Structures are given as structure tokens and as C-alpha cells.
Amino acid sequence: MRNKVFIVGAGFVGSSFAYSLMQRGIAKEIVLFDIDKNKALGEAMDLSHGVSFTKPTIIKAGGLREAKDSDLVVITAGAKQRPGETRLQLIDRNLQIFKDLIPKILESGFNGIFLVVTNPVDVLTYVTYKLSGFPRQRVIGSGTVLDSSRFAYLLSQHCNVDPRSVNAYIIGEHGDSAVAAWSLTHIGGIHIFDFCPVCGKNCFTQEVMENILKEVREFAYKLIELKGATYYAIGLALVNIVEAILRDENRILPVSSVHKDILGIKDIPLSLPSIVNRNGVEKVLNIKLSEKEVEELLNSAKIIKQVIDSLDFDKEPVLS
């Protein structure tokens, strides 16, 4: 393996990801592609001027033919979310981009792993799976990896502990129907519902839970209103996914993939804790949720399916 990462889109997300990836030192080669060739070239030059401060990394701009021998193609390109706009409302603009982009990447001979970041990420993960004909384990969406980090951050602030001591997942849609998997949430190995008495505050109520989930769902809207876009945290989240793949780590991450059957809904993309390694999504974990969480996950799946069913899109996958 060359440990070569091809990034489609040199905007805020793509360039922040490239910077974080370079800092981590896990890719031998990073190629930036953008429809604005000067933008890609400028970002690559700027980053390459700092390689003497990091692990040796080749960073350059290139055309789509450079995807051929890449281990990963990471797609960040697309229309950005406007203030007040939901992620799902982006589909009309970004579907056309993917219809044009994916076949061109395949023409290069690329046969690695697709990592989709562009929103709505779940729907576009499905679109990429269909257009590419790749096995479902090799088409991954960034999913709720960032949402889960936001969730852990809020819990750490509320409980006054290090975020790294929090094990928490947001599952389902990367969007307004995201589900907080309280059943799987632990702090220092103690279940969240048992941690409150240990902490001594006794402040963890239903209202607190609802407010934390509401804040997780609304973080992106707040950031778009404040600064126009979100990019640093997703850049770091992507590095964790890519590192799990390139280093064959078998790391458990809540990435999005197209599931054969979830709650009776077939071929639906959403995020669930999954073992991620060189093969992509090696295995989706069979998690135990509460009855309420199952209902919420089913609702999330139905919302995504409604959007997929509305698409002018009928290409069948070559592989299952």
C-alpha cells in the first residue's frame, strides 16, 4: 500500500483535513484536486512549505487521473450549507456534482476506498455506492464521527471530566434526526446513568439529556451563523477515520455505510458503530439499544430513505 490519499475539494474542509493529515504523519502522499486548479495548487504549496516540521510527506495538486493508485479518495467537494439550510436540502445541488465526479474517478482506474464527507453525507454515501459499484464496505461516509465527538465534548463539560474519558455515540443520520445512544454511553467505564450518583451532583435529568442532544444537532447551524462554515473539527474527525484504514487498526467508529437491512429497511445508509480497517467497514456492530432509541433510529432511517426515494437516480450497484 502506498498510503496515498486523494482529496477532492480544496475548500475549507478539504484543506483543513489535508493539514491535519499532514500533522499526523500517516500518509506518504496527499493529492489535492479542485475544480479551481489554482486553489488546489496554492493550498498544496502552502502545506508543502511546512513539511520540514512534520513527518516526510509528498503534498501536491493533481488531476483526477492521480486517483488511480490512491488508497483512499476523500470527497469534500460540493455546495456548502447556507444559514438556516438543513443538510438534506443540499441534495439537489450536490447530486449532480457526484453524478459527474464518481464516473471520472473510476475512469482513472481507482480501486481503493471512497470516504464521503459532502453533505447530506448519508444520501451521498448511497449515491457513491450505487455509481461506483464498489462493495458496500469500501464506500464509507464520515457519518456521525464528528457528532459523537461533539456529544462527548458536551458530556465532558457537564460532568467535568476529560473528553477522552467519555465513550459516547451519536447514531443514525448525520443531521436533524441524529440519535443519542444513551444506552452505550459510559464515562470512565461507568454507565452514564450510574455516573451521576458517583459524581455526587445528581443533576443528570431527562431535560439535561434532551438539551445536550439538541445542542449536538444544532452545533453546525450555530457555527455556520457565526463563521460561515465548519471545518477544523471535521478535518480532525476525518484523520481518525483515515488513520484507522491506513494503519489497519480495527478501530470502532460510527461511520455511515449502506446496510443490507436495518430495522427492516433495506439498503439504507446511516451511522452505527463499525469496525474500520484496511478493508473499510469490516463489520457493523450489533448494538443493544433501548426501545426508544430503536424507534428514533427507525425514524432516522425512514427520513434518509424518503430522500433517496425522491432522487432521480436508478443506477444499480454492480456488487453487494
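This one's a predicted model, so the numbers in the text were calculated from it and none came from an experiment. Just so you know, residue 1 is the first one in the sequence shown, and it goes up from there.
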side-chain hydrogen bond (donor to acceptor under 3.5 Å, both in side chains) filter on Glu291, not counting sequence neighbours, yields none
Is there a side-chain contact between Val276 and Ile252, using heavy atoms and a 4.5 Å cut-off? no
Answer yes or no: is there a side-chain heavy-atom contact under 4.5 Å between Lys39 and Glu43? yes
Is a side-chain donor-acceptor pair under 3.5 Å present for Glu282 with Asn277? yes
Sequence neighbours left out, what pairs pass ring-ring contact (aromatic ring centres under 6.0 Å, His included) with at least one residue falling in residues 24-59? none
Test your reading of the model: is there a side-chain donor-acceptor pair from Lys4 to the backbone of Glu66, 3.5 Å cut-off? yes
Counting only N and O atoms by type, is there a donor-acceptor contact under 3.5 Å from the side chain of Asp46 to the main-chain atoms of Gly42? no
With no hydrogens and no angle check, is any side-chain donor or acceptor of Arg138 less than 3.5 Å from a backbone partner on Gly112? yes
Run through Arg136, Lys130, Lys305 and flag the one making a salt bridge (Lys or Arg N to Asp or Glu O under 4.0 Å) with Asp267. Arg136
Report yes if the side chains of Phe219 and Asp147 come closer than 4.5 Å at any heavy-atom pair, otherwise no. no
Cluster question for you: counting only ILVMFWY and a side-chain heavy-atom cut-off of under 4.5 Å, with indirect links fine, are Val242 and Val51 together? yes
Does any N or O in the side chain of Ser108 come within less than 3.5 Å of the main-chain N or O of Lys104, such that one atom is a donor and the other an acceptor? no
Please round to the nearest 0.5 Å and tell me the distance separating atom CG of Asn240 and atom OG of Ser142. 12.5 Å
When Thr118, Thr125, Val121 are each screened for side-chain contact (heavy atoms from CB on, under 4.5 Å) with Ile75, the one that passes is Thr118
Is the CG atom of Asp261 crowded by more than 12 outside heavy atoms at less than 6.0 Å? yes
Under 3.5 Å, is there a donor-acceptor pair between the side chain of Ser149 and the main chain of Val145? no
Considering only Ile, Leu, Val, Met, Phe, Trp and Tyr, and joining two whenever side-chain heavy atoms are under 4.5 Å apart, list the other residues clustered with Leu41. Met45
Taking all heavy atoms of Gln137 and all of Ile140, pick out the closest pair and write down the distance. O-CG1, 3.9 Å
Could you list the residues that satisfy ring-ring contact (aromatic ring centres under 6.0 Å, His included) with Phe193, not counting sequence neighbours? His191
Gly143 to Ser271 - nearest heavy-atom pair and separation: CA-OG, 3.1 Å
Smallest heavy-atom separation, Val8 atom then Ile105 atom, equals CG2-CD1, 4.2 Å
Side chains of Ile59 and Met22 in contact at under 4.5 Å (non-hydrogen atoms): yes
Grouping I, L, V, M, F, W and Y whenever their side-chain heavy atoms are under 4.5 Å apart, do Leu223 and Phe151 come out in a common cluster? no
Would you mind checking if Glu210 and Lys214 are paired as a salt bridge, meaning a charged N to carboxylate O distance below 4.0 Å? no
What I'd like to find out is whether the side chain of Leu285 reaches to under 4.5 Å of the side chain of Ser274, using heavy atoms alone. no
With sequence neighbours excluded, residues passing side-chain contact (heavy atoms from CB on, under 4.5 Å) with Ile97: Asn94
Does Tyr231 have any ring-ring contact (aromatic ring centres under 6.0 Å, His included) partners at least two apart in sequence or in another chain, and if so, which? Phe12
Suppose we screen for side-chain contact (heavy atoms from CB on, under 4.5 Å). Which residues come up paired with Thr76, at least two apart in sequence or across chains? Ile7, Val13, Val74, Val117
For atom CD of Glu218, is the number of surrounding heavy atoms from other residues, nucleotides or ligands below 6.0 Å larger than 12? yes
What heavy-atom pair brings Ser177 and Asn299 nearest, and what distance separates the two atoms? CB-ND2, 4.3 Å
For Ile303, is there any backbone N or O sitting under 3.5 Å from a side-chain donor or acceptor partner on Glu173? no
Can you tell me if Ile35 has over 12 outside heavy atoms packed within less than 6.0 Å of its CD1? no
Is the shortest side-chain N to carboxylate O distance from Arg65 to Glu107 below 4.0 Å? no
Contact check, side chains of Val31 and Val5, non-hydrogen atoms, under 4.5 Å: no
Mind checking side-chain contact (heavy atoms from CB on, under 4.5 Å) for Ser20 and listing every partner two or more places apart, or none if nothing turns up? Leu236, Val239
Ala44 and Leu32 have their tightest heavy-atom pair at N-CD1, 3.8 Å
Under 3.5 Å donor-acceptor, Ser70 side chain and Val73 backbone: no
Under 3.5 Å: donor-acceptor pair, side chain of Arg278, backbone of Leu246: yes
Are Trp182 and Tyr169 close enough that their ring centres sit under 6.0 Å apart? no
Any chain of hydrophobic side-chain contacts (each under 4.5 Å) joining Val258 to Ile287? yes
Considering residues at least two apart in sequence or located in another chain, which fulfil the ring-ring contact (aromatic ring centres under 6.0 Å, His included) criterion with Tyr19? none
Suppose we screen for ring-ring contact (aromatic ring centres under 6.0 Å, His included). Which residues come up paired with Phe114, at least two apart in sequence or across chains? Phe110, Phe134
Listing request: all salt bridge (Lys or Arg N to Asp or Glu O under 4.0 Å) pairs with a residue in residues 237-256, at least two apart in sequence or in separate chains. Arg24-Glu243, Glu243-Arg247, Glu243-Arg251, Glu249-Arg251
Walk me through whether Glu215 and Arg150 qualify under salt bridge (Lys or Arg N to Asp or Glu O under 4.0 Å). CA-CA 9 Å; Glu215 198 164 355; Arg150 289 168 170 164; over 6 Å; no
Does atom NZ of Lys288 have more than 12 heavy-atom neighbours from other groups under 6.0 Å away? no
Residue pair Asp122 / His174, side-chain donor-acceptor N/O under 3.5 Å: no
Can you list the residues that meet the side-chain contact (heavy atoms from CB on, under 4.5 Å) rule with Ser156, with sequence neighbours excluded? Tyr153, Val161, Pro163, Val166
Does some side-chain heavy atom of Leu272 sit less than 4.5 Å from a side-chain heavy atom of Ser257? no
Count I, L, V, M, F, W, Y as connected when their side-chain heavy atoms are under 4.5 Å apart, and connections chain through other members. Are Leu270 and Leu311 then in the same cluster? yes
Student check: side-chain heavy atoms of Thr57 and Leu47 closer than 4.5 Å: no
Quick check: are there more than 12 heavy atoms from other residues, nucleotides or ligands sitting under 6.0 Å from CG of Asn160? no
